[in-house]
Amino acid sequence: MLYMASGGDTLVWLGGDASQYRQVSYVVDGNEYRSFISAAALAKAKNPTRLVVIVPETLFEKDHCESYRRLLEAKSRYGGRKLVALRGDKREDLSIEDVTVHELLEKGFDCYVVPHPGIASPLRLVEEGNEVRVEPGRSRAFPSYGFNLVFSSAYLILSKYAKVSNRFYIDVTHGTNVLVSATLLAAALLPIAFDAKVEIYAAPVMGRLEEGARVEFLRLDEATRAVGEVAAGGQAWKWLDERLLPIEYYREVGEKLGKYKDVYSGIRTLLEKSTELLWALRSGQLVLARKEVEILDKMLKEAEQNFNSLVSQELPLNDKPHEKWKEHAEDPPWLPVASIALTLTEKTIPKLRSDTNVEFVLKGLRLLVEKEYADRALSIAREWAVALSLWRKGVRGKVKVGGNEWARADEDIRNGDSIFDTVRQYRNKLMHGRLTKEDNVVLELSDEDIKFQSPPKLIDKKKLKEAADKLLEKLEKETSSKSPM
């Protein structure tokens, strides 16, 4: 393994059958580099400290890493070698003088072979003096490993270098569809796991290009980052946690937009408003959150209308190509980012949409329990039960929380059902960090430390949820019935 000292950059590419590749001009950062292999052009442009190639086991019959190097040497005429193939009774010269590949070979690269399922005819290389003859081997089926093994293998290789690299350049121009997909997914995890800076490149080479054709690399990392950021937003709504919403990322994308800023800013404002709702739910301020839902509901409808109208005008997608597409060539991936923000908001708001506070609080409590916030739900429900009891008894007008009327209702519900006192104890224990009289806690204080004497056991999460479910069922039943609690 080469260059494993910390620091520097790493270029990773996928090994393919280079025997039929043609020399083209690859454009990197506005500069052109002639080569038959995209990785050589990137290596020339970026000058990374480390070079790494990933070779699928389906590429060669044996000695995969050595064979890959021999293939590049012969194809590029390195050291006077030549790559040939038999076409009937003729020998065809497949080699091309390629100094860019020579530099790649002289710098040296690490090579890894990865498992790869499917049917293939692995290459066979036959040494004949200075010539290397390439011919297809026998077609055979490789083990049905499944995609996850390929993905895991790609990730493990990348993760080794992520620990020591300042920046990654990953080239997925060549390689099988399976290996390209696995490497893209693995590369998307590097910024999450290692805070790695990752640039992903692909040159759109399709079919048999003419010698000397010019091809510009595409950058894929902005799209893979969008997937990660949007996934975080999905988790924010899934777990009602505003801290996971990628607000800063949405701002970054918005700054790169031109004439679509108005529509996008409406969606970004919607997202920012969503943080207030999620914070209210997560922090136990449910009883104050109905107004946030109503505002978001109105904003959502307007944002959806504007977005759908814009998409239909600016990005037509039907049974033919469109000139309009050229106008969006340099756009950030804001369309999926914006669309998913709308979709995630739309999935939660209807669950909370309510005509009254009584209806809203019960829906919110049920949502909190569903999202594993049973502790929050218990704290809110225990107090809301008092307000609900007064309301069901026909009390109207102003009632002071904690006042005499409130205290009498609180005592009544505690005497009426043991679940209320059970919930009160849970609430107190959690609210005060288990330093409560309900736990009969005794502390031992010394010069060195503060310790528990016979510390209580952790509260069982399942039992807490059971208590929350039982209390909510009672509140829902009492709300729908005519008789008071």
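None of the values given here were measured: they were computed from a predicted structure. Computation of the quantities below employed the complete heavy-atom set of this structure, encompassing side-chain atoms and omitting hydrogens, waters and symmetry-equivalent molecules.
A 6.0 Å sphere centred on CD of E370 holds more than 12 heavy atoms belonging to other residues, nucleotides or ligands. In this structure, E323 places its CD atom where only 12 or fewer heavy-atom neighbours from other residues, nucleotides or ligands lie under 6.0 Å away.
In this structure a side-chain-to-backbone donor-acceptor pair under 3.5 Å is missing from N166 to D9. Remark: side-chain polar atoms of T345 are paired, donor with acceptor, to backbone N or O of A341 under 3.5 angstrom. With hydrogens and angles ignored, the 3.5 Å screen pairs a side-chain donor or acceptor of S159 with a backbone N or O of L156. The backbone N or O of R353 lies less than 3.5 Å from a partner atom in the side chain of K363, making a donor-acceptor pair. Counting only distance, with no hydrogens or angles, the side chain of S309 and the backbone of N306 share no donor-acceptor pair below 3.5 Å. Within the 3.5 Å criterion, the main-chain N or O of D241 finds no donor-acceptor partner in the side chain of K371. Although no hydrogens or angles enter the test, the distance criterion places a donor-acceptor pair under 3.5 Å between the side chain of T173 and the main chain of A203. The backbone N or O of L270 lies less than 3.5 Å from a partner atom in the side chain of S274, making a donor-acceptor pair. In this structure a side-chain-to-backbone donor-acceptor pair under 3.5 Å is present from T224 to D221. Of the possible polar contacts, one joining the H102 side chain to the S76 backbone as a donor-acceptor pair under 3.5 Å is found.
Residues S165 and T10 bring a donor and an acceptor atom of their side chains to less than 3.5 Å of each other.
Taking a cutoff of 4.0 Å between a charged side-chain nitrogen and a carboxylate oxygen, R268 and E255 do not qualify as a salt bridge. Salt bridge present: E327 and K324 bring a charged side-chain N and a carboxylate O closer than 4.0 Å. We find that D469 and R366 are joined by a salt bridge, their nearest charged nitrogen and carboxylate oxygen being less than 4.0 Å apart. Between E199 and K197 there is no salt bridge, since no side-chain nitrogen of the basic residue lies less than 4.0 Å from a carboxylate oxygen of the acidic one. Ion pairing between R77 and D93 holds under the 4.0 Å rule for side-chain N and carboxylate O. One finds a salt bridge joining E73 and R69 here, because a Lys/Arg side-chain nitrogen approaches an Asp/Glu carboxylate oxygen to under 4.0 Å. Ion pairing between E294 and R290 holds under the 4.0 Å rule for side-chain N and carboxylate O. Comment: E473 does not engage K470 in a salt bridge, judged by the lack of any side-chain N to carboxylate O separation of less than 4.0 angstrom.
Aromatic ring pairs are classed by plane angle as parallel below 30°, tilted from 30° to 60° and perpendicular above 60°; the pair Y68 and F109 is perpendicular. Between Y21 and F36, the ring planes lie tilted relative to each other; the angle falls in the 30° to 60° range. Aromatic ring orientation, F151 versus F147: parallel (interplanar angle below 30°, classes split at 30° and 60°). Taking the six-membered ring where tryptophan is involved, the planes of Y169 and Y201 are tilted, since the angle between them lies from 30° to 60°.
Interatomic distance, CG of L352 versus CG of L296, reported as 10.0 Å (0.5 Å rounding).
Checked options E372, E276, E242; the residue passing with R282 is E242 (criterion: salt bridge (charged side-chain N to carboxylate O under 4.0 Å, His left out)).
Taking the centre and axis of the six-membered ring of F142, the NZ or CZ atom of R140 falls inside the cone set by 45° and 6.0 Å.
Minimum interatomic distance between T100 and R34 (heavy atoms only, all atoms of both residues): OG1-O, 2.8 Å. Of all heavy-atom pairs between L368 and R376, the closest is CD1-CB, 4.5 Å. G175 and L14 make their closest contact through CA-CB, 4.2 Å (heavy atoms, listed as atom of the first residue, atom of the second, distance). A pairwise comparison of heavy atoms in P191 and A187 identifies CD-O, 3.3 Å as the closest pair. The nearest pair of heavy atoms linking S35 to V101 is OG-CG2, 3.4 Å. Scanning both residues, L240 and Y373, for their nearest heavy atoms gives O-OH, 3.6 Å.
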*Given the rule in the side-chain contact (heavy atoms from CB on, under 4.5 Å) test, do W279 and Q285 qualify, once you have shown the distances and angles that lead to the verdict?*
CA-CA 8 Å; W279 161 244; Q285 302 178 75; 3.3 Å; yes

